Amino acid sequence: MIYLLNLLLFLLPFLAYAIWRRYNPQAEPDPRIVVLGLIGIGLGLAAATWYGLSVSMDRDTVYIPAYLDEHGRIVPGRAEPRR
């Protein structure tokens, strides 16, 4: 069900644009809006790339997931060097 909601949220801007074009066929989007949209897409891609590179682990590490210790406390997940 959550995938359907994600798909709907993804398609919502395209649907809104299609409705706008349907009822305003002669109108063209303002070039400033198009440029700002392209800048926004570029910034979003740059931020996603930066985030992906900044949180990645080294090749010689393994991820140890969170677990409960013998006293019932949560030990957070971490990356450790491969042995």
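The analysis underlying the following values was restricted to heavy atoms, covering all of them including side chains, and did not include hydrogens, waters or symmetry mates. None of the values given here were measured: they were computed from a predicted structure.
Under the side chain to side chain contact (heavy atoms under 4.5 Å, CB included) criterion, Leu68 pairs with Ile74, not counting sequence neighbours. With sequence neighbours left out, Tyr63 forms a side chain to side chain contact (heavy atoms under 4.5 Å, CB included) with Met57, Pro65. In this view, Asp30 and Arg32 satisfy the salt bridge (charged side-chain N to carboxylate O under 4.0 Å, His left out) rule, not counting sequence neighbours.
Interatomic distance, Asp60 CG to Arg82 CZ, rounded to the nearest 0.5 Å: 7.5 Å. Between the CG atom of Leu36 and the CD1 atom of Ile41 there is a distance of 11.5 Å, given to the nearest 0.5 Å.
In this structure, Asn24 contributes its side chain and Ala27 its backbone to no donor-acceptor pair below 3.5 Å.
A single hydrophobic cluster is seen to contain both Tyr3 and Leu9, as judged by linkage of ILVMFWY side chains at heavy-atom distances under 4.5 Å, directly or through other members. In terms of hydrophobic clustering, with Ile, Leu, Val, Met, Phe, Trp and Tyr side chains grouped at heavy-atom distances under 4.5 Å, Leu38 and Ile33 are assigned to different clusters. Note on Phe14 and Leu7: same hydrophobic cluster, where clusters join Ile, Leu, Val, Met, Phe, Trp and Tyr whose side-chain heavy atoms are under 4.5 Å apart, directly or indirectly. Under the 4.5 Å side-chain contact rule for hydrophobic residues, Leu4 and Leu12 do not share a cluster.
Here the closest heavy-atom approach between residue Arg22 and residue Pro25 is recorded as O-CD, 3.8 Å.
The pair Arg73-Glu70 does not meet the salt-bridge criterion, since no charged nitrogen lies less than 4.0 angstrom from a carboxylate oxygen.
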